[in-house]
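Following: one structure in structure tokens, then a few remarks.
In the text below, chain A, chain B and the rest are named by the order of the sequence lines, each starting its count at 1.
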Amino acid sequence: MTTLTVNQAPLSWWQSRVMRRFMSHRLALLGLVMISTLTLICIVGPWLLPYDSLYIDLRARFAPPMTGEHYLGTDPLGRDIAARLFMAGRISLLVGFIAMILATLVGTLVGVIAGYRGGWISAVLMRTVDGFLSYPSIFLLLALSAALKPSPMMITVIIAITGWMEVARIVEAEVRSLKEREFVLAGRMLGLSRAHIMFREILPNVTGPIIVAATLTVARAILLEAYVSFLGFGIQPPLPSWGNMLNGAQQYLATAPWLAIIPGIAITVAVSSFNFIGDGLRDALDVRNDGG
Amino acid sequence: MIKTSRTGASYSRRQALRMMAAGGAVGLFAPQLLGKPAFAQTPPTAPTGRVVVGLSQEPTVFNPLMAHIEVDDGVNFSMFDALFRISPEGVIVPNLALEVPDQTNGGISADGLQWRIKLRDDVRWHDGQPFTAEDVKYTLELIVNPDFRAWRTTGHALVRDITVVSPTEITWRMEEAFAPYLNFLTETFMVPKHVLEAATDLNENTFNQSPIGTGAFKWGQRIAGDNLELVANPDYFGEGPYIEQLFFKYIPDNTVLYTQFRSGDIDLVGQAYISPDNYAEAATLPERVVTLVPKTSVETFYLNVEKPQFKDRAVREALYLAIDRQAIIDALNYGVPTVTETFMPKMSFYYNPDLPKHEFNLERAAQMLDEAGWLPGADGIRVKDGVRLSFANSTTAGAHLREQAQQFIQQTFAEIGVEMTIANLPSAVMWGDFWTLSQFDSAMSGINFLIGADPDVTNRFHTKAITAKGGKGSNNAQYSNPEVDALLEEGSRTFDPEARRAIYLKVQEIIRHDLPFLPLFANTSVFGQKEGLQGFVPNTNTRTESWNTAAWYWA
Amino acid sequence: MSAFLLNRFLQSVVLLVIVSIIGFTVLNLMPGGPMAQYGLDPGMTSDDLERLKEQLGLNRPILVQYFDWAWRLLQGDWGTSFRDGSPVLSVIGRHIFATLLLMGSSTVIAIAVGTWIGIRGATHRYSAFDYVATIGAMVALSIPTFWFGLVGIYIFSLELGWLPAGNMYTIGDGSALNYLHHLIMPSVVLALVHIAIWSRYMRTATLDVISQEFVKTARAKGVPERRVLMKHVVGNALLPMITLAGVQLPSILTGALVTETVFTWPGMGRLFLDSLGYSDFPVVMGLLMFSAILTILGNLIADIVVALVDPRIRLA
């Protein structure tokens with residue numbers, strides 16, 4: 001992020017314009033409010049509730065929502081769903097964020113190198129991107145989570161592995177179009193190192209698309225975590241995640257539908273927020289609409 | 001009409017034993033044992049109607065001798081015949097053979113080495129060719145053919161000098177006396193020599209996708225991924241078939257399987273059966289019969305006793321005390337399964353009912369660990385000689401009832417200073433090397449300890465069956481006790497049921513004391529069928545619900 | 001044109017090689033393997049398992065296995081399934097119909113509904129309808145498909161009892177109506193995401209066309225609004241949609257995977273998961289290659305069609 005400080009002065013004017021455009025995008029604003037509220041609830045919530053998310057009480061199993069102090073009911077082991085939902089939110093959001101950061105780092109690195117160097121390096125890197133993209137990401141996800149010992153960090157890494165390609169593609173295309181521009185040529189004339197040109201001169205000009213892609217990657221990561229944990233290969237119990245709260249819920253659809261409905265709504269709200277924000281950012285940053 | 005009953009344990013074990021010993025009487029009882037209840041209405045004279053069996057896994061292997069899984073057995077039993085069958089009561093009865101050989105009728109020599117089997121002369125393959133002793137010889141030789149991807153070879157590998165005496169008589173010699181072999185032969189289906197001999201490749205040929213057997217049903221058609229249709233064989237030599245079409249429908253999701261049973265799309269809920277969660281509701285459905293059927297598998301908390309945490313018997317005993325088994329049975333499994341203290345199925349003649357009873361007692365568990373020198377460390381987890389009492393527990397990901405039990409056990413273990421983490425894996429990983437080479441700390445699973453209905457458990461508890469130590473077998477707990485080894489060796493050489501019983505009662509007693517696994521409960525399946533379906537009888541001595549489809553009919 | 005095709009062909013070959021290497025590596029990284037299905041069978045001794053591994057050629061070094069597999073593939077032999085011993089292509093072939101049926105019907109729904117929403121949104125820009133459609137599309141993209149399926153089953157199968165909870169047809173009733181009845185829920189669930197995507201593309205495409213001169217001219221000439229839309233807008237907006245359709249061809253496997261699982265639909269997605277579950281490597285690899293080839297073909301067809309339709313684009 002040091003690059004931003006270097007270029008602070010010339011950037012400040014468009015930054016404010018972007019801010020203005022973003023703030024005038026009502027949907028993006030809604031997304032921002034939604035996700036902030038959700039995050040806040042997930043952080044504060046567990047302290048406000050009288051129940052521990054891990055406490056098993058078989059006498060209280062399958063309590064429907066709004067019974068006694070169990071506002072959202074209880075699960076098959078008698079644990080308070082509200083408490084679990086908030087704890088799960090912390091984990092699912094964290095997994096989404098960290099996976100996004102990892103995926104964005106890798107994707108940006110690959111994209112910048114492939115875009116700037118061109119030639120066979122680019123060919124190899126970009127065909128690898130295509131290769132990864134032509135897989136069902138679920139295949140990679142399931143195979144990798146089976147191959148590696150399941151832990152929250154591992155799941156995050158695995159999700160990142162399946163999600164860096166989009167960023168790489170976008171960055172590569174941008175960098176390729178930028179590398180013949182005057183300021184890059186000037187840098188080369190001045191004898192600046194390749195790394196300096198790539199990461200100090202070109203990269204700052206690609207931050208817009210990267211930020212948009214990153215926002216959408218969070219949304220995607222949350223969805224993937226949900227699916228893989230739903231299948232039982234992701235976050236392991238007793239640690240709750242929105243996905244593993246849905247694991248087994250199918251079995252109780254007829255008798256305890258709230259087990260399936262509540263975490264699903266949380267996931268949808270979180271993912272929608274990021275998609276709203278991403279859409280707003282795309283408009284504000286004037287990023288061409290492709291891929292996402 | 002609502003009918004719910006527990007079946008399976010109602011017959012007399014003594015009686016079964018007498019029949020098993022007295023070879024002559026067996027033939028007489030045979031038709032009834034093959035699953036036709038005495039009170040039933042008479043079946044139709046010509047095959048009519050169809051039955052749809054719902055299965056949660058897809059049958060894909062149709063050569064009955066090739067490596068296959070449980071769910072393929074229903075098709076095998078319907079399309080093929082073995083020399084013998086095993087009745088729900090555990091009695092071996094003739095099928096393609098005329099009588100069950102034993103030491104009194106001369107079928108098996110006194111030393112257990114010479115076998116002589118007489119065959120029926122009225123059996124024809126689905127293509128009209130007669131079934132003869134040549135087919136039996138071909139089948140037994142094919143199983144041990146090193147190029148053939150055979151299923152189990154235990155027992156078959158001991159067979160030597162197969163001789164066809166006449167089209168209806170065959171003899172062979174056993175390399176060593178092996179009592180369980182008779183039982184294994186009830187799951188060894190005969191395949192046609194004239195068809196397979198013509199195939200260019202033993203493993204990949206047309207027989208695999210349109211097999212020819214001698215059974216009550218012939219191959220119909222298969223819609224891969226959805227269903228398999230078999231049609232009645234009107235020339236079947238035995239009883240039945242009474243239904244015209246038999247469908248095995250693949251429904252990979254338990255909820256959908258149950259929903260389709262409720263809606264009437266399927267007539268019988270087969271393998272995986274009805275989840276205990278749905279038992280109470282299923283029992284109230286109109287025009288459906290729901291039955292609790294004890295299974296041969298035991299739900300176990302398996303311990304890898306070579307791990308430093310579990311080497312100490314006191315730890316294993318304390319962990320057993322710290323499991324609230326009754327709550328797992330009553331609350332999590334809706335009272336469907338039953339308590340047990342041993343690996344032997346309750347309905348077995350060899351079951352030992354006099355083992356010490358488990359109790360849930362956290363104080364005694366903690367006290368026992370204290371006395372054994374496992375004392376709480378700084379983080380509250382017990383330690384002894386640098387070993388933390390912390391371990392992982394694994395099972396197949398997605399088995400929701402088992403996962404609930406895991407988390408429940410995790411909580412009570414934590415109360416006595418034992419840390420259990422959960423690390424579940426997809427089944428393709430869980431039951432691979434991780435399990436067979438004993439790489440797990442502890443595991444949870446429903447384990448079938450017996451091969452067929454024979455009480456021999458050499459494969460599970462003998463020292464030489466520890467694969468992780470270069471042995472051959474499935475002793476995944478790496479359990480080793482010389483006394484048990486000696487007893488098991490004696491048991492597999494002994495043919496007399498009473499003498500064997502004494503041996504296996506003792507084995508169970510020692511295992512219960514040593515606790516290489518903690519028995520949680522005896523599994524029980526919830527069977528569901530439509531009311532009018534007659535002739536359906538569960539048989540826990542086989543791996544399938546569809547072992548006697550020939551006798552099914554609609555009333 | 002031929003230079004373009006040659007270049008694309010070479011690139012495709014490289015891509016297929018990369019795909020196969022990644023697939024083979026990941027599959028072999030996975031501990032367990034095809035023997036796991038017998039892990040709980042008390043009668044299968046370790047000797048039996050070793051023998052089977054040997055017979056299936058799984059004891060050879062991974063590189064040898066890979067080159068053996070690749071060499072056979074080059075000769076047109078896709079291998080045989082570990083599970084049922086039949087050729088991989090015929091295993092895949094037996095599951096294609098179900099997937100095509102599901103994809104086909106959901107595509108019809110997606111195009112019909114998506115086109116309508118998109119055009120209406122564009123012609124009634126900034127209306128309440130447009131806003132709802134915009135928000136709706138984004139929410140639709142945010143709903144986990146498997147969860148949406150579960151909610152559908154809960155409402156329409158368990159509570160209302162209107163629709164079957166799964167499967168393609170009822171045994172004993174092979175009528176078209178029965179298939180249709182089973183198709184409704186899975187194809188709508190699968191279509192949801194596609195409706196969202198189609199409608200966004202359609203809206204943008206329509207907006208582009210509306211602002212162009214010939215549409216304004218047509219309007220000025222007094223051609224009825226509806227006819228202007230049908231003739232010019234739809235005709236022109238379909239071009240980018242062809243591209244999109246081509247690019248989405250490979251989702252025949254990925255897109256249907258989750259839906260087929262939730263609704264126990266006997267298609268290729270289900271086959272893929274089952275094969276992965278039994279570590280049936282030849283079938284999994286076959287499906288991966290099949291999907292990669294579809295991806296390449298999809299992209300290629302889209303490029304060629306666009307080039308043929310639009311004279312401004314020339315393939316170089």
Self-check item: Contact origin within C/Tyr131 toward chain A - heavy atom pairs under 4.5 Å
Solution: side chain
Practice problem: Using a cut-off of under 4.5 Å on heavy-atom pairs, state which of A/Asp279, A/Leu253, A/Thr128 scores highest against chain C. | Solution: A/Leu253
Practice problem: Find the one option among C/Val14, C/Val151, C/Leu150 whose heavy-atom pairs under 4.5 Å with chain A are most numerous. | Solution: C/Leu150
Quiz prompt | Side-chain heavy-atom pair A/Leu223, C/Trp147 within 4.5 angstrom cut-off | solution = no
Practice problem: For A/Arg127, enumerate each residue passing the side-chain hydrogen bond (donor to acceptor under 3.5 Å, both in side chains) test, keeping only those at least two apart in sequence or located in another chain. | Solution: A/Asp130
Self-check item: Contacting moiety of C/Val17, where chain A heavy atoms sit under 4.5 Å
Solution: neither
Quiz item: Non-hydrogen atoms of chain C under 4.5 Å away: do they reach the side chain of A/Ile265, the backbone, both or neither?
Solution: both
Please output the side-chain donor-acceptor pairs of residues 25-35 of chain C that fall under 3.5 Å, not counting sequence neighbours, one pair per line with the distance.
unit_1, atom_1, unit_2, atom_2, d
C/Thr25, OG1, C/Ile21, O, 2.5
C/Asn28, ND2, C/Phe24, O, 2.9

Self-check item: Residue part contacting chain A, namely of C/Ser157, when any heavy atom lies under 4.5 Å
Solution: neither
Side-chain donor-acceptor contacts of residues 269-279 of chain C below 3.5 Å, not counting sequence neighbours, with atom names and distances?
unit_1, atom_1, unit_2, atom_2, d
C/Arg270, NH2, C/Asp274, OD1, 2.9
C/Asp274, OD1, B/Tyr250, OH, 3.2
C/Asp274, OD2, B/Tyr250, OH, 2.4
C/Ser275, OG, C/Leu271, O, 2.7
C/Tyr278, OH, B/Gln57, NE2, 3.2

Quiz item: How are the rings of A/Phe230 and C/Phe146 set to each other: parallel, tilted or perpendicular (split at 30° and 60°)?
Solution: parallel
Quiz item: Should the heavy atoms of other residues, nucleotides or ligands under 6.0 Å from CZ of C/Phe9 be counted, would the total exceed 12?
Solution: no
Self-check item: Contact class of A/Leu27 relative to chain C, heavy atoms under 4.5 angstrom
Solution: side chain
Quiz prompt | Per-residue contact mode, A/Arg220 against chain C (heavy atom under 4.5 angstrom) | solution = neither
Quiz prompt | Inter-residue atom distance C/Ile155.CD1 - A/Ile261.CD1, 0.5 Å rounding | solution = 7.0 Å
Quiz prompt | Proximity breakdown for C/Val139 and chain A, heavy-atom pairs closer than 4.5 Å | solution = both
Quiz prompt | Engaged part of A/Leu246 at the chain C interface, taking heavy atoms whose separation is under 4.5 Å | solution = side chain
Self-check item: Proximity breakdown for A/Ala254 and chain C, heavy-atom pairs closer than 4.5 Å
Solution: both
Self-check item: Neighbour count >12 (heavy atoms, 6.0 Å) for atom CE, A/Met66
Solution: no
Self-check item: Those residues of residues 267-276 of chain A, ordered by number, that approach chain C below 4.5 Å (heavy atom to heavy atom)
Solution: A/Ile267, A/Thr268, A/Val271, A/Ser272, A/Asn275, A/Phe276
